[in-house]
Amino acid sequence: MNHPLLSLRDGPVARLRLNRPDLHNAFDAVLIAALTGALEAAGADEGVRVVVIEGEGASFSAGADLNWMRGMAAASEADNREDSLALARLMRTLNELPKPTIARVHGAAFGGGVGLVACCDIAIGVPEAKFGLTESKLGLLPAVISPYVIEAIGARQARRWFASAEIFDAAVAQSIGLLHQVVAADALDAAVARQIGLLLKAGPHAAATAKALVRRVAGERDGARLDADNAALIAALRVSAEGQEGLSAFLDKRSPGWAG
């Protein structure tokens with residue numbers, strides 16, 4: 001039996017490839033656990049500077065595995081709660097991973113697949129990609145992934161797509177903020193490689209902590225505290241080894257050490 005997740009390494013880039021192509025990379029408990037573990041390992045690995053999430057075969061991820069859903073429908077409410085918490089842990093781990101993340105999206109991205117896209121820092125897809133938050137067709141809702149999808153597309157858009165379960169294309173996904181970029185299928189790898197190159201030119205600590213800054217600023221309502229925290233952050237960065245190297249390299253008109 002093939003492993004449901006392929007962990008591929010190319011220098012500082014970790015590529016985590018969902019590997020259930022015959023099931024359009026649908027989620028089950030095994031895949032969720034494998035992806036969570038791989039993300040935690042990448043987050044703790046100082047040699048990893050960028051993580052790419054992608055899918056093997058025709059799709060990125062078509063959401064939940066029907067056999068898995070059938071089993072959970074017969075399980076108790078307590079078992080369903082634990083199962084849902086495992087998915088919540090996956091999404092939070094990806095969303096808060098201390099490494100820049102890129103979603104390479106092709107084919108179908110439904111349900112939890114949309115959650116993965118929303119949790120990544122950069123999302124690039126092809127025009128043929130299809131998206132859907134289809135849970136309401138089953139009398140359910142995308143509750144576990146909702147914090148990340150709402151953050152990506154906004155409350156107004158979420159109200160429509162959560163309720164209607166309508167399938168939408170890559171152009172719509174880009175227009176509502178789920179995708180950052182849409183490129184032709186034969187240009188997808190080049191577009192992902194370009195983003196990787198840009199991220200590797202950034203300071204490793206700066207790139208890794210950018211999302212934490214955004215999350216903190218977006219959630220802070222106390223202006224004075226925000227100003228104090230941001231001033232403290234930039235002061236610490238300026239005197240850090242990475243900040244000193246970056247500033248010196250800029251003034252010396254050379255590439256910083258981390259840029260190779």
Side-chain angles (χ1 to χ4, degrees), residues 5 7-9 12-18 27 29 31-55 60-61 63 81-105 109 111-124 133 142-155 158 177-180 192 195-196 198-200 202-222 225-226 229-230 232-234 236-237 240 242 258:
L5 182 73
S7 294
L8 310 173
R9 187 69 177 268
V13 181
R15 305 184 82 100
L16 303 182
R17 183 177 300 164
L18 310 183
F27 288 174
L31 176 57
I32 289 171
L35 184 52
T36 303
L39 287 168
E40 291 173 342
D45 187 339
E46 293 185 359
V48 173
R49 292 187 53 196
V50 181
V51 176
V52 178
I53 307 293
E54 57 192 17
F60 179 73
S61 175
R81 186 180 298 112
E82 289 303 311
D83 186 77
S84 296
L85 283 171
L87 180 61
R89 177 184 170 191
L90 166 60
M91 295 298 163
R92 188 163 298 280
T93 300
L94 177 56
N95 190 63
E96 299 180 3
L97 196 74
K99 312 282 181 176
T101 54
I102 301 173
R104 178 192 181 280
V105 188
V114 174
L116 294 180
V117 176
C119 287
C120 284
D121 302 317
I122 300 168
I124 305 173
L133 295 151
V144 171
I145 65 173
S146 64
Y148 315 107
V149 178
I150 292 170
E151 183 179 8
I153 70 175
L178 185 60
L179 288 179
H180 292 97
V192 171
Q195 290 299 318
I196 291 172
L198 292 170
L199 291 168
L200 293 179
H205 180 68
T209 55
K211 72 182 76 181
L213 170 64
V214 173
R215 189 166 58 248
R216 179 173 58 77
V217 170
E220 181 58 74
R221 296 294 177 264
D222 185 329
R225 179 183 297 172
L226 186 61
D229 288 347
N230 286 341
L233 173 62
I234 193 60
L237 290 173
S240 70
E242 181 173 298
W258 61 75

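In this chain, residues are counted from 1 in sequence order. Any value given below was found using the heavy atoms of this structure, including those in side chains, with hydrogens, waters and symmetry copies removed.
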| said: Can you give me the closest heavy-atom contact between A109 and F60, atom names plus distance? | reply: CB-CD2, 4.1 Å
| field | Over all atoms of both residues, closest heavy-atom pair of P147 and A143 | value | CD-O, 3.7 Å
| query | CE of M91 to OG1 of T36: how many Å apart, nearest 0.5 Å? | reply | 8.5 Å
| For E151, what residues pass the side-chain hydrogen bond (donor to acceptor under 3.5 Å, both in side chains) criterion, not counting sequence neighbours? | none
| query | Given side chains that start at C-beta, do those of L116 and L18 come closer than 4.5 Å, heavy atoms only? | reply | yes
| task | Applying side-chain hydrogen bond (donor to acceptor under 3.5 Å, both in side chains), name anything that partners E96, two or more places apart in sequence or on another chain. | result | R92
| message | Just to verify, what does P142 make a side chain to side chain contact (heavy atoms under 4.5 Å, CB included) with, not counting sequence neighbours? | response | L133, E135, I145, F162
| Do the non-hydrogen side-chain atoms of V52 and R17 ever get within less than 4.5 Å of each other? | no
| Those residues that, when tested against A202, pass side chain to side chain contact (heavy atoms under 4.5 Å, CB included) (two or more places apart) | A207
| request: Enumerate the residue pairs fulfilling salt bridge (charged side-chain N to carboxylate O under 4.0 Å, His left out) with a member in residues 34-43, sequence neighbours excluded, ordered by first and then second residue. | output: E40-R89
| said: Looking at A123, is its backbone amide N or carbonyl O close enough to the side chain of H180 to form a donor-acceptor pair, meaning the two atoms are under 3.5 Å apart? | reply: yes
| Side-chain touch I102/I53, heavy atoms, less than 4.5 angstrom | no
| note | The side chain to side chain contact (heavy atoms under 4.5 Å, CB included) partners of L213 (sequence neighbours excluded) come to R216, V217, N230, L233
| remark: Smallest heavy-atom separation, A42 atom then V51 atom, equals CB-CG2, 4.0 Å
| query | So which heavy atom on I196 is nearest to which on R15, and how close? | reply | CD1-NH1, 4.1 Å
| task | Enter the distance from L90:CG to I32:CD1 here, rounded to the nearest 0.5 Å. | result | 6.5 Å
| query | Under the side-chain hydrogen bond (donor to acceptor under 3.5 Å, both in side chains) test, which residues partner D45, sequence neighbours left out? | reply | R9
| query | Are the side chains of I122 and T101 in touch, meaning some heavy atoms are under 4.5 Å apart? | reply | no
| remark: Scanning both residues in full, the closest heavy-atom pair of A208 with P98 reads CB-O, 3.1 Å
| field | By side chain to side chain contact (heavy atoms under 4.5 Å, CB included) - contacts of R221 (at least two apart) | value | none
| said: If the condition is salt bridge (charged side-chain N to carboxylate O under 4.0 Å, His left out), which residues does D121 pass it with, not counting sequence neighbours? | reply: K211
| Non-neighbouring partners of R81 that pass salt bridge (charged side-chain N to carboxylate O under 4.0 Å, His left out), sequence neighbours left out | E77
| task | Output the distance between atom CG (L97) and atom OG1 (T93), rounded to the nearest 0.5 Å. | result | 8.0 Å
| message | Counting C-beta onward and ignoring hydrogens, is there a side-chain heavy-atom pair between V117 and Y148 closer than 4.5 Å? | response | no
| said: Between V50 and P12, is there a side-chain heavy-atom distance shorter than 4.5 Å? | reply: no
| query | Where is the tightest heavy-atom contact between L5 and L16, given as atom of each residue plus distance? | reply | CD1-C, 4.2 Å
| query | How would you list, by chain and number, every residue that makes a salt bridge (charged side-chain N to carboxylate O under 4.0 Å, His left out) with R49, sequence neighbours excluded? | reply | none
